[in-house]
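Every number for a ligand or one of its atoms is a count from 1 in the order of the listing. Quick caveat: nothing in here was measured; it's all calculated off a predicted structure.
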Amino acid sequence: MRKSIGTQLFTYILIGTLISLLSISGFFYKVLEQRAQGAIESTLHTQVAMVENKIQKVEQQLQDISAITRSLKQNEVDGAEVYKDAILSLFEQRSSIITAFGIGQTKRAILSDRDWFWPYFRINHHDNRDLGSPLPAPHTDLRYWDVTEDHYEEKSYYLDVLQKGHSYWIEPYIWHGFTMTTFTGPVRDLADHIIGIVGMDISLDAFEAQIDRPVVSGQGNLAILSRAGNLLAYPADPEKSKALASYQDFPGLAELWPQMQQQSNGLLLKDKTFWAYRKIPETGWIMIAAVPQAVVILPVIRITIIGLLGASLILASISATFIYRLNQRLNPIVERCKAMMGADSDRLQRLQKGKTENPAAEQTIEAKLEGLDEIDVLDISFSQMSQQLQGSMESLEARVKERTADLQKAKNEAEEAKNLANSANEAKSEFLANMSHELRTPLNGILGYTQILQRSTSMTPKEKDGIDIINRSGNHLLTLINDILDLAKIESRKMDLTATAFDFNGFLRGVSEICRVKAQQKDLHFEVIKTGDLPSGVIADEKRLRQVLINLLSNAIKFTDEGKVCLNINALRLEPKIPGETALCRIEFRIEDSGIGISSSYLERIFQPFEQVQNTKAQSEGTGLGLAISNKMVTMMGGELAVESELGQGSVFSFELSLPESLTHHVQNDEAFQSDITGFQGPAKQLLIVDDRWENRAVLKSFLQPLGFEVTEAEDGEAGLSTALEEQPDLIITDISMPRMDGLTMIQQLRRHPKMKTTPIVVSSASVFATDQQQSIDAGGSLFLPKPIQLAELLKAMAELLTLTWVQNSSHSSSKPKKAAEALTLPHPERLKTLLKLSRSGLINNLTVELDRIEAEDEKLGEFTQQMRTLAKGFQLKQIQQKLEEYIEAESAVSSS
Ligand code: ADP
């Protein structure tokens, strides 16, 4: 393997850091170098200023001596001692660097008594090089010498000044073992004649003492060179100046010297040394500061090395931690990749060599990975993975395409099958509907005539029995047709529930009345038990709920020979009322009987269509569809039909429904239809019957004519239309499907006619389609009655539409209140009177309290109190009073008989 990622990373980081550190150091170096150069130049500048200051003082003194000499001469002072004294006093005030001075006259120019005179005072060095004689106290440190002894008039130091005619600094020289320089110049009288020369000697030691200091950071040397390049002062090596060395004796300087002549100051770098120079204008001397470059580089190197070491240390520890963690995470991935690649190559070899394992496979992978780092391993395994993935994706894509095609095919087939099933179902529904229509038409005749014949008084009992049998069989056939149709509708999902608000108590009363009659016929005890706070009205599909209850109760009565049949209605819970929302009431319906029971093996199949227990005597009476339909309807209403049964003990069918409570229903007035109608009050009414079947027309005609109606017939819509317009009947009864013009078209055309706009039209058809029923109302029909027509229902409808008052058989009507009273257990007449009083005064609350009390005293009074409560809830005070008056009358009639 190559160097690991960690090591590579470390190397990169290290190199990067070094480069940046070096750049930083370079920057530092430049800054420090500039600062050092500034410091060098500044020191040089200061030193030059100090030296200049001294020089200026020397030059000033020369001016002073000249001025005093001139003034003495002017005043014609001519004594040697006076001049000596004057010079001595000036010498005492000399600048610190001056070691000796004197003034030498030109021939007889100052003192007239002699040719030459040069008084000269100098500092006593107390060594054998001292010239002249020491002075007495208080000037013991000074010596006096007359330079005349040196025959100065012949010497160049005298002659040169005369020749030049101005003051100047003499190049350094050695005089009696002292290395010195001299500032010399002429003294002129008022006529500008040179009367003498002044020489002021300066020891080079003095200069050296002046500039004996390091240039910068404790390092570097200063030196002063004369205009000609002779060394005046060099504290680093005083001997050199004493030996009158020149710039040529300094290797680096010799080369730079010409350059230095060109400018008054500057800074040069030569032989790893900074050379800074500045000229002293008065003298033409050059002061030089020489500083080794190392003085600048060393701190930079120091900073760089310390920084480098520190940074490397921090970097190394951070990198080591990072690499350690990186490796920790990377190693398992790399190992997994290797394992995966090994497995892949194994698989490949197995596939190629016909399932024979190759032990060298692992080695091959190891060998393959030799010299590669982690990224390479990942790269190889990822490209391998992506190839595999691509392969898998392609095969997956192909499989998906295949599956999609299969699915599409299956979907098409299913669609076809569904369509087929649908059309079969449609065909079945259509067939059933047509068949039911065809069967209902003859049944209309049969049942119609049996109903008419049952009213006959001239028949023998045997004939009446025969008619009853025909009627029962016809009704049975009708039930069968209805059941089959219902089931077909449920199965093809064409049955819809139509929820309406209805009087729940009235509803239960209706159901129990029908069943009580059947139970009484079999001598069975029939009971309706209501518990809980039952709502007075609910919203549900009244017709379907009635169908279910009647079916279950009929079964219970049918399969019970002795004992009792009981309908329990239990209000389980009325959901708490939220203002403005409808309350939900959970109601349990239980139908119990003490009949033959059902075997457990049969219980499982009981809700399947056409299932009947074999060999039961009641079998012949049923269709085997009732429970299947009831079960499905309960499910549609949101409940679940349950059954518990034990052979020989009886059965319990039960279900629970959540029904919204209604407050807007009408309380039913149980005006049971009177079958003993003989006619109606008022003038005769004219009827038009439109039907293409003569038997249907005949049934209606036979039934209605004896009651006092004048009946006209028409065979189809067209005839109906013309007859109606001609005769202007009071009411029309019409069929829907007829040749030439159907009933609906006829109604529509009639309604367009002004005179026929309000004439009541009853539509009666064997059609079972809800759409037909709706359409007949939409076309302008007043009412729809299904065929076979129930004559009682027809009379009820006619009474409403024509506002008729029936004339009934008087012997029956008088017994009515009594019958009603008998059906109920009533409280004591005194209690009834109290209730009547409360209802008359409108005290509904007190009335309900009284009802509670009555019920608590005697359970049997439950049905009575429930009836009263329902009316009280609906604030139907008038009806309460009517009922109570009836009951009081009935009670008193009973007690008087
Ligand atoms: P049917 O028209 O035969 O009554 P159902 O579907 O209503 O059809 O009932 C199916 C069968 O279930 C009945 O034939 C009868 O054997 C059994 N069954 C239904 N109700 C009861 C019951 N209360 N007691 C005993 N057997 C019952």
Side-chain angles (χ1 to χ4, degrees), residues 432 436 439 443 469 471-491 495 511-512 514-529 543-569 588-637 639-656:
L432 286 173
S436 123
L439 289 171
L443 263 180
I469 289 166
N471 184 265
R472 267 209 305 282
S473 308
N475 272 318
H476 182 64
L477 195 55
L478 188 62
T479 315
L480 187 63
I481 294 165
N482 285 340
D483 281 355
I484 289 173
L485 261 181
D486 278 347
L487 201 68
K489 272 191 204 164
I490 291 171
E491 279 177 352
M495 179 174 283
V511 170
S512 56
I514 295 167
C515 298
R516 180 172 281 121
V517 176
K518 287 187 187 172
Q520 275 167 0
Q521 284 170 358
K522 284 187 81 176
D523 254 352
L524 294 174
H525 179 66
F526 180 77
E527 218 177 350
V528 178
I529 302 170
K543 190 174 142 198
R544 298 301 178 190
L545 186 58
R546 183 185 289 119
Q547 192 177 340
V548 171
L549 287 177
I550 290 183
N551 179 265
L552 295 175
L553 283 166
S554 306
N555 276 351
I557 295 163
K558 189 158 61 173
F559 298 105
T560 306
D561 291 331
E562 56 183 16
K564 63 166 189 175
V565 169
C566 184
L567 168 64
N568 287 288
I569 297 109
E588 184 199 30
F589 299 85
R590 275 171 78 84
I591 295 94
E592 294 177 14
D593 66 60
S594 58
I596 58 168
I598 308 157
S599 69
S600 55
S601 62
Y602 179 64
L603 271 180
E604 290 161 19
R605 293 175 286 131
I606 199 160
F607 297 128
Q608 313 233 326
F610 302 107
E611 284 293 340
Q612 288 181 316
V613 177
Q614 298 296 312
N615 303 325
T616 58
K617 68 176 168 63
Q619 190 184 330
S620 58
E621 289 177 26
T623 59
L625 288 174
L627 280 183
I629 293 168
S630 299
N631 181 39
K632 289 197 165 144
M633 281 180 179
V634 169
T635 309
M636 281 170 78
M637 287 186 245
E640 197 182 335
L641 185 58
V643 56
E644 289 165 42
S645 186
E646 217 174 296
L647 264 183
Q649 298 294 312
S651 318
V652 181
F653 285 82
S654 65
F655 60 95
E656 282 178 30

If you measure from each non-hydrogen atom of I606 to ligand 1, which part falls under 4.0 Å: side chain, backbone, both or neither? side chain
Give a yes or no on whether the backbone of N471 and the side-chain of N475 come within a donor-acceptor separation of less than 3.5 Å. yes
L439 meets the side chain to side chain contact (heavy atoms under 4.5 Å, CB included) criterion, sequence neighbours left out, with M435, I481
Residues at least two apart in sequence or cross-chain that pass side-chain hydrogen bond (donor to acceptor under 3.5 Å, both in side chains) with S645, listed by chain then number, are S651
Are the side chains of F589 and L641 in contact, using a 4.5 Å heavy-atom criterion? no
Is there a heavy atom of G595 sitting under 4.0 angstrom from any atom of ligand 1? no
May I ask whether F607 places a heavy atom under 4.0 Å from ligand 1? no
Against heavy atoms of A556, which atoms of ligand 1 measure under 4.0 Å? 23 (N)
Quick one: which ligand 1 atoms are inside 4.0 Å of a heavy atom on G597? 25 (C)
For ligand 1, which part of L627 has a heavy atom less than 4.0 Å away: the side chain, the backbone, both, or neither? both
Please report the closest heavy-atom contact between S512 and V528, naming both atoms and the distance. CB-CG2, 3.4 Å
Can a donor-acceptor pair be found, under 3.5 Å and without considering hydrogens, that links the side chain of K522 to the backbone of I557? yes
In ligand 1, the atoms that come under 4.0 Å of a heavy atom of K558 are 1 (P), 2 (O), 4 (O)
What class does the angle between the rings of F653 and F607 fall in, given that below 30° is parallel, 30 to 60° is tilted and above 60° is perpendicular? perpendicular
Counting heavy atoms only, which of I598, N551, I591 is nearest atom 25 (C) of ligand 1? I598
Can you tell which part of L625 has a heavy atom less than 4.0 Å from ligand 1: side chain, backbone, both or neither? backbone
